Amino acid sequence: MGTMKIGYPCINWTIGCKGNRTFRLRNYSESRLIETVQNNVDCLLEILQFNAKHHILFFRITSDLVPFASHPVCTFDWQGHFRAQFKQIGDFIRTAAIRISVHPDQFILINTEDEEVVNRSIKELAYHAQILDSMALDETAKMQIHVGGVYGDKERSMRRFIARYEQLDQAIQRRLVIENDDQRYTLQDCLRVNMETGIPVLFDTFHHQLNSSGEEPVEALTLIAPTWRHNDGVPMVDYSSQNRADRKGKHAESIDVHHFHQFLEATKPFDFDIMLEIKDKEQSALKAVEAAARDERFVTAS
DNA sequence: AATGGTCAAGTCAGC
DNA sequence: GCTGACTTGACCATT
């Protein structure tokens with residue numbers, strides 16, 4: 001049996017509940033927050049139980065789990081209040097051997113020249129780390145971000161990323177990984193940041209097609225695999241394909257099983273965990289798990 | 001009950 | 001300088 005796992009991000013359409021409920025800032029109240037977070041953690045556990053049952057062992061937890069957690073309006077001790085619930089979810093994750101990631105939003109930029117944006121971004125990263133810490137997850141649970149903006153000078157902007165990364169709190173640093181994006185920072189750019197910082201590089205196959213430094217998937221895996229140290233776990237890969245009916249860059253509605261098979265064949269012999277960034281979420285994950293059943297690299301291989 | 005404008009946060013291209 | 005795309009659903013005020 002192998003170690004590879006398949007997953008999907010944040011939302012499950014099959015089961016009834018939604019674990020990413022939020023509300024408007026102007027409606028903020030402590031009771032509203034408690035009510036929403038309670039719903040979200042309850043539902044998160046339900047989703048994880050569904051996933052484990054169906055051998056979907058990789059999952060991205062929504063950034064909306066605790067709405068406004070990093071905003072000044074929120075002074076509530078949500079970590080203390082929900083300690084037992086977070087621990088329970090963490091126990092389940094470990095028992096079921098599920099891999100977890102989070103993906104803070106596009107607003108999270110540590111390489112911007114605006115110090116206020118940097119400060120807000122660091123608070124948001126700290127919040128994501130607190131979620132994973134509250135679940136007592138090990139260092140294989142990662143927070144993925146992009147390198148950030150270019151600001152008219154990519155070289156200087158990369159240097160700014162590196163300098164700011166070095167100063168981050170250890171609680172953030174140990175979980176942070178960078179992902180090639182579809183417009184600005186390519187795989188090679190990310191690898192250069194890795195050389196200077198040691199930060200692992202998460203490979204996004206679809207972004208790589210749109211904003212490429214030219215490598216075939218297996219070459220890309222060859223390059224990123226060593227950036228993941230033993231404690232980081234196997235590399236994470238974001239997988240998607242183009243939505244045929246829609247504009248360039250739009251994620252597919254549903255997995256193209258044939259394309260997925262080819263991808264699996266083309267990436268041997270590397271081990272990594274695959275996040276399916278596909279609109280129909282768990283439906284595609286179920287198909288992918290089935291498609292991987294004959295690949296000995298997977299946990300679920302028969 | 002149905003509808004549709006709007007939502008914490010940033011960047012960048014195109015006017 | 002300003003607007004809209006990015007990407008997306010769902011919140012919630014209004015009807």
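Just so we're on the same page: letters track the sequence lines, and every chain starts at 1. Everything numeric in this text was worked out from a predicted model, so none of it was measured.
- Here K142(A) does not pair with E179(A) in a salt bridge; the nearest charged N to carboxylate O distance is not below 4.0 Å.
- Within residues 16-35 of chain A, the residues having any heavy atom under 4.0 Å from DNA chain B are, by residue number, R24(A), L25(A).
- The neighbour count for Q262(A) CD, taken as heavy atoms of other residues, nucleotides or ligands under 6.0 Å away, is above 12.
- Nucleic acid contact class of V73(A) (heavy atoms, under 4.0 Å, all strands): none.
- In this structure the side chain of V299(A) never reaches within 4.5 angstrom of the side chain of H55(A), judged on heavy atoms.
- The same atom, P, is picked in dT3(C) and in dC7(B); the two are 14 Å apart, to the nearest Å.
- Counting heavy atoms from C-beta outward, Q144(A) and D238(A) have side chains that approach closer than 4.5 Å.
- Side-chain atoms of D42(A) and Q38(A) include a donor-acceptor pair closer than 3.5 Å.
- Heavy-atom distances to DNA chain C give each of Q106(A) and W13(A) a nearest nucleotide, and the one nearer the 5′ end belongs to Q106(A).
- Judged by distance alone, the side chains of D189(A) and T186(A) do bring a donor and an acceptor atom under 3.5 Å apart.
- Using a 4.0 Å cut-off, no side-chain N or O of K279(A) falls inside it from OP1 or OP2 of dT8(C).
- Where DNA chain B meets chain A (any atom under 4.0 Å from a heavy atom), the bounding nucleotides read 5' to 3' are dG5(B) to dC12(B).
- Between dC12(C) and dA8(B), the distance separating the two P atoms is 10 Å to the nearest Å.
- Using a 4.0 Å heavy-atom criterion, one finds that F68(A) contacts the bases of the nucleic acid, with or without backbone contacts as well.
- When the C1' atom is compared between dT3(B) and dC6(C), the two are found 25 Å apart, to the nearest whole Å.
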Bracket notation of DNA chain C in which parentheses pair within the strand, [ ] cross earlier pairs, and | pairs with another strand (Watson-Crick or G-U, under 3.5 Å): ||||||..|||||||
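- With hydrogens and angles disregarded, a donor-acceptor distance shorter than 3.5 Å links the side chain of Y185(A) to the backbone of G149(A).
- At a threshold of 4.0 Å, the pair D133(A)-R175(A) counts as salt-bridged, since one of the basic side-chain nitrogens sits closer than that to a carboxylate oxygen.
- Inspection of the D114(A) and T112(A) side chains reveals no N or O donor paired with an N or O acceptor under 3.5 Å.
- Nucleic acid contact class of S121(A) (heavy atoms, under 4.0 Å, all strands): none.
- Here the P atom of nucleotide dT8(C) and the CZ atom of F107(A) are 13 Å apart, to the nearest Å.
- Between W78(A) and F86(A), the ring planes lie tilted relative to each other; the angle falls in the 30° to 60° range.
- Residue contacts shown for Q183(A) are absent, as no nucleic acid heavy atom lies under 4.0 Å away.
- Here dG9(C) presents its P atom at 12 Å from CG of D280(A), a figure rounded to the nearest Å.
- By the 30° and 60° cut-offs, the orientation of the rings of F203(A) relative to H208(A) is perpendicular.
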